[in-house]
Amino acid sequence: MASTLCSVHRFLPSQRREKVEYLSALRTSFCGKVVCNPSFSGRQIARSHGNRLVISSLLGRRVKSRETVIPEPDYRIPIVLLGIAGGLVYTDNLVPAVPVGLLGLLLLFQTTRVRFVFDDEALEVKIGDQLQESGDNVFVGGRNRWKYSTFVNWEFWWPNFPILVYFKETQTKPEGQIHFFPIIFNGKQLYDTMAERAGPSKTSGPKES
């Protein structure tokens, strides 16, 4: 086909000849060959190469994405709460011991199953080592997945022994939705990943031990 087009080159009007040469070059670029035709003008060659670059960018472009980060579980908070509950029981303070102990058991259970998954574009809460979906948020509704671009602010309490992570996002509702989570993950990993993906926290962060 390309050779046929070239053979009739001199018998075609200039406008149609330009179109035929362009189609020939485009067809050849799909085959990975370079056409060296002296009748091509610089503008025509640039146009042909430009189309080849556009096609390559659409078909062969590789988008670089950040790796998924899952902070390791940290059992310090539930262990401390259970220790406090045990001390209260030992001193016969059973009334405060019960809620503290129940909270410790709840957080111990949650530490074994809840995972924060930081993918390329969002933070998502998942369940278990198989990373199953956690369903909708039981308190504010919506999926437990929030894009970093919607984060307004986030903080850690307290930096030396992080207990809670707070963040506010505008994905759930435009005026902003606040979330609190106990830090049952490696605090340093969690802080570093939050700072990388959602921007640095201005007032807090784990200090070097």
Side-chain angles (χ1 to χ4, degrees), residues 66-120 122-148 150-173 176-209:
R66 293 171 292 191
E67 65 177 351
T68 298
V69 177
I70 306 173
E72 300 170 356
D74 188 331
Y75 293 87
R76 287 184 298 173
I77 293 178
I79 288 174
V80 168
L81 289 174
L82 291 174
I84 293 174
L88 291 171
V89 171
Y90 182 77
T91 56
D92 293 328
N93 292 302
L94 298 181
V95 174
V98 172
V100 173
L102 290 176
L103 180 59
L105 289 174
L106 174 63
L107 291 182
L108 182 65
F109 175 66
Q110 293 291 73
T111 305
T112 64
R113 61 191 294 269
V114 174
R115 300 289 180 267
F116 269 20
V117 179
F118 294 86
D119 62 25
D120 186 42
L123 161 64
E124 183 168 2
V125 178
K126 293 198 173 184
I127 303 299
D129 293 333
Q130 302 302 317
L131 302 181
Q132 300 173 349
E133 297 291 334
S134 60
D136 290 344
N137 191 294
V138 295
F139 298 105
V140 299
R143 185 181 175 188
N144 285 313
R145 177 181 172 84
W146 307 278
K147 290 186 176 181
Y148 309 127
T150 67
F151 278 43
V152 176
N153 186 31
W154 66 275
E155 298 293 344
F156 266 33
W157 287 290
W158 284 257
N160 289 330
F161 190 87
I163 303 296
L164 288 173
V165 57
Y166 145 88
F167 64 90
K168 183 178 181 181
E169 45 82 16
T170 57
Q171 180 173 302
T172 304
K173 54 186 181 181
Q177 176 63 53
I178 293 175
H179 301 268
F180 290 95
F181 286 97
I183 300 181
I184 51 179
F185 317 99
N186 183 300
K188 186 67 167 59
Q189 280 184 316
L190 183 61
Y191 179 84
D192 289 345
T193 308
M194 289 281 287
E196 178 201 356
R197 307 291 166 97
S201 173
K202 296 181 179 179
T203 59
S204 66
K207 296 181 180 179
E208 296 293 336
S209 57

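Because the structure is a prediction, the values reported are computed rather than measured. These values consider heavy atoms only, across backbone and side chains, with no hydrogens, waters or symmetry-generated copies.
Side-chain atoms of Asp74 and Asn186 form no donor-acceptor pair, as typed in the model, at a separation below 3.5 Å.
Put simply, the side chain of Thr150 never gets that close to the backbone of Trp146: no donor and acceptor are under 3.5 Å apart. Asp119 places no side-chain N or O within 3.5 Å of a backbone atom of Glu67 that could act as its donor or acceptor partner. Judged purely by atom type and a 3.5 angstrom limit, Gln177 has no side-chain atom pairing as donor or acceptor with the backbone of Gln171. Checking side-chain atoms of Arg115 against main-chain N and O of Thr112 turns up a donor-acceptor pair under 3.5 Å. With Glu169 contributing its side chain and Thr172 its backbone, the two residues share a donor-acceptor pair below 3.5 Å. Side-chain atoms of Ser134 come within 3.5 Å of backbone N or O of Val125 as a donor-acceptor pair. With hydrogens and angles ignored, the 3.5 Å screen pairs a side-chain donor or acceptor of Arg66 with a backbone N or O of Asp120.
Looking at residues two or more places apart in sequence or on another chain, you find a salt bridge (Lys or Arg N to Asp or Glu O under 4.0 Å) between Arg143 and Glu124, Glu133.
In this structure, CD on Glu155 lies 10.5 Å from CZ on Phe180, to the nearest 0.5 angstrom. For the atom pair CG (Asn137) and CG (Asn144), the distance works out to 4.5 Å, reported to the nearest 0.5 Å. Of the inter-residue distances, the one linking Ile84 atom CD1 with Ile79 atom CD1 reads 12.5 Å to the nearest 0.5 angstrom. Rounding to the nearest 0.5 Å gives a distance of 11.5 Å between CZ of Arg76 and OG1 of Thr111. The distance from atom CD1 of Ile178 to atom CG of Asn153, rounded to the nearest 0.5 Å, is 9.5 Å. Here CG of Leu190 is found 10.5 Å from CD1 of Ile184. Values are rounded to the nearest 0.5 Å.
Closest of all the heavy-atom pairs between Leu107 and Pro182 is CD2-CG, 3.7 Å. The shortest non-hydrogen separation linking Gly187 to Pro162 is CA-CG, 4.2 Å. Ala198 approaches Phe151 most closely through the heavy-atom pair CB-CD2, 3.7 Å.
For the pair Leu123 and Val117, the minimum side-chain heavy-atom distance is 4.5 Å or more. When side chains are defined from C-beta on, Ile70 does not count as touching Lys126, because their heavy atoms never get closer than 4.5 Å. Side-chain contact between Glu196 and Asp192: absent, with no pair of heavy atoms (C-beta onward) separated by less than 4.5 Å. Residues Leu94 and Leu88 fail the side-chain proximity criterion, which asks for heavy atoms closer than 4.5 Å. For the pair Phe161 and Ile77, the minimum side-chain heavy-atom distance is below 4.5 Å. Counting heavy atoms from C-beta outward, Ile183 and Phe156 have side chains that approach closer than 4.5 Å.
Note: Tyr148 and Phe118 have parallel aromatic rings, judged against thresholds of 30 and 60 degrees for the angle between ring planes. Classification of the His179-Phe181 ring pair by plane angle, with boundaries at 30° and 60°, yields parallel.
The environment of OH in Tyr90 is sparse: at most 12 heavy-atom neighbours from other residues, nucleotides or ligands sit within 6.0 Å. With a 6.0 Å radius and a threshold of 12 heavy atoms from other residues, nucleotides or ligands, Lys147 has its NZ atom at or below the threshold.
For the side-chain contact (heavy atoms from CB on, under 4.5 Å) with Ser201, the qualifying choice from Tyr191, Tyr166, Phe167 is Tyr191, the only one to do so.
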*Evaluate the criterion side-chain contact (heavy atoms from CB on, under 4.5 Å) for residue pair Phe185 and Val114; output intermediate values, then yes/no.*
CA-CA 9 Å; Phe185 317 99; Val114 174; 4.1 Å; yes

